Amino acid sequence: MAYQHLLTDRQGGVERLTLHRPDVRNAFNDGMIAELTSWAGVLAADPGVRAVVIAGAGPTFCAGADLTWMARTVDYTEAENIADAERASAMFRAIDSLPVPVIGRIHGAALGGGAGLAAVCDIVVAEEHAMFGFTEVKLGIIPAVISPFVLAKIGRSAARELFLTGRRFPAAHALDIGLVHTTVAPEHLDTAVDAVIKEVLGAGPQAVAAAKQLIADVWNAGSLDDAMQLSARALAARRVSAEGQDGLRAFLGKRKPGWSAS
Ligand code: COA
């Protein structure tokens, strides 16, 4: 599918998505939000994909909401503004719930919704000089639609400090709070992303999807009893699956399982 604000590239089971509005540092406008939502919907239904990498074109990963576009929303009615925010929420949710590992490749800066995008990635690799920030309060707004995803990722304590100050923080701090998983020198960014892809391709694709679903289900479980029940069922289903049986027998037989790409 052709997009105006996104570039996509598929090599084998790896889908690489590049945010492509470099002149405005890949800021989200309504068009890009619609395209990202649609892209995530298509991908979620594609059994051929095993990993996704999200990157940004130009000098920066993503500068968050397009402030020129957002300034125009002063003329929207309250209902229009709510509908607009809900479309952005739906976009973050669509990426958050993709059934394959989503790897964030962060360079330059990830600010506001750009940091929110990092939060909905499963594994985030950042160049060590990258800068992060939930900077919305500095603009008189709040990090609202990203908050469910960011809070789930970094917890309340870090969010209270970062949401309330809006301060920019370095990749090292993003690593400390769990927003980022690996930091590397800029020249090693792609190698580090490729290493994550290799790990993912060495795992059972249905097991990876089930593990991602398990995290969401346990997080959303109403009680420990519910979590224990659903996790036991999830494991039982994997044990008897063709993929689970292949994985276990491959180990015992000292061979590679059928899904292994390496
Ligand atoms: N929305 C709209 N335009 C943006 C933008 C945004 N969020 N962020 C940057 N731009 C535009 C700038 O206005 C500038 O436009 P111009 O060339 O017409 O002057 C262009 O992108 C380049 O920005 P610049 O600041 O010169 O680039 P930089 O590489 O030196 O710095 C950032 C990049 C992302 C660090 C910096 O642009 C920035 O801090 N942006 C604001 C991010 C922000 O507060 N986001 C929160 C949104 S809720």
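No experiment lies behind these values; they were computed from the predicted model shown. In each ligand, atom 1 is the first atom listed, and ligand 1 is the first ligand listed.
At the shortest separation from atom 35 (C) of ligand 1 among protein heavy atoms lies R168 NH1, 3.8 Å. Considering only non-hydrogen protein atoms, atom 31 (O) of ligand 1 sits nearest to R25 NE, 4.4 Å. Scanning the protein heavy atoms around atom 48 (S) of ligand 1, the nearest turns out to be E136 CG, 3.7 Å.
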Tabulate below the donor-acceptor pairs under 3.5 Å that side-chain atoms of residues 221-228 make, not counting sequence neighbours, or state none.
| from | atom 1 | to | atom 2 | distance (Å) |
| --- | --- | --- | --- | --- |
| S223 | OG | D225 | N | 3.4 |
| S223 | OG | D226 | N | 3.1 |

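The distance criterion of under 3.5 Å between nitrogen or oxygen atoms is not met by L139 with respect to ligand 1.
Proximity of R21 to ligand 1, defined as any heavy-atom pair under 4.0 Å, is not found for any part of the residue.
Checking atom 20 (C) of ligand 1 against the protein gives a heavy-atom contact under 4.0 Å. For atom 16 (P) of ligand 1, the protein comes within 4.0 Å by no heavy atom at all. Counting only heavy atoms, the protein gets under 4.0 Å from atom 7 (N) of ligand 1. Atom 44 (O) of ligand 1 lies below 4.0 Å from at least one non-hydrogen atom of the protein. There is a protein heavy atom closer than 4.0 angstrom to atom 28 (P) of ligand 1.
Annotation: Q4, atom CD; neighbour count of heavy atoms from other residues, nucleotides and ligands within 6.0 Å does not exceed 12.
Taking each of L111, T68, D23, L67 in turn, the one with a heavy atom nearest to atom 1 (N) of ligand 1 proves to be L67. Looking at I142, N29, V24, I146, it is V24 that brings a heavy atom closest to atom 11 (C) of ligand 1. Nearest-residue assignment for atom 40 (N) of ligand 1 (options A27, P59, G108, A63; heavy-atom criterion): A63.
For the residue pair S157/R160, the side-chain donor-acceptor check at 3.5 Å is not satisfied.
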**Message:** Checking E161 against R167 for the salt bridge (Lys or Arg N to Asp or Glu O under 4.0 Å) test, could you report, in this order, the C-alpha distance in whole Å, the side-chain angles of both residues, the deciding distance, and whether it holds?
**Reply:** CA-CA 9 Å; E161 191 252 330; R167 76 174 173 92; 2.6 Å; yes

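Of all atoms in ligand 1, listed by their number and element, those nearer than 4.0 Å to a heavy atom of T135 are 43 (C), 44 (O), 45 (N), 46 (C).
For residues 29-77, no residue pair satisfies the ring pair (Phe, Tyr, Trp, His ring centres under 6.0 Å) rule, not counting sequence neighbours.
Of the charged side-chain nitrogens involved, at least one lies within less than 4.0 Å of a carboxylate oxygen, so that D122 and K212 count as a salt-bridged pair. With respect to R87 and D84, a salt bridge is recorded, a charged nitrogen being found less than 4.0 Å from a carboxylate O. The pair D194-R16 counts as a salt bridge, with a side-chain nitrogen and a carboxylate oxygen less than 4.0 angstrom apart.
Expressed to the nearest 0.5 Å, how far CZ of R249 lies from CZ of R255 amounts to 9.0 Å.
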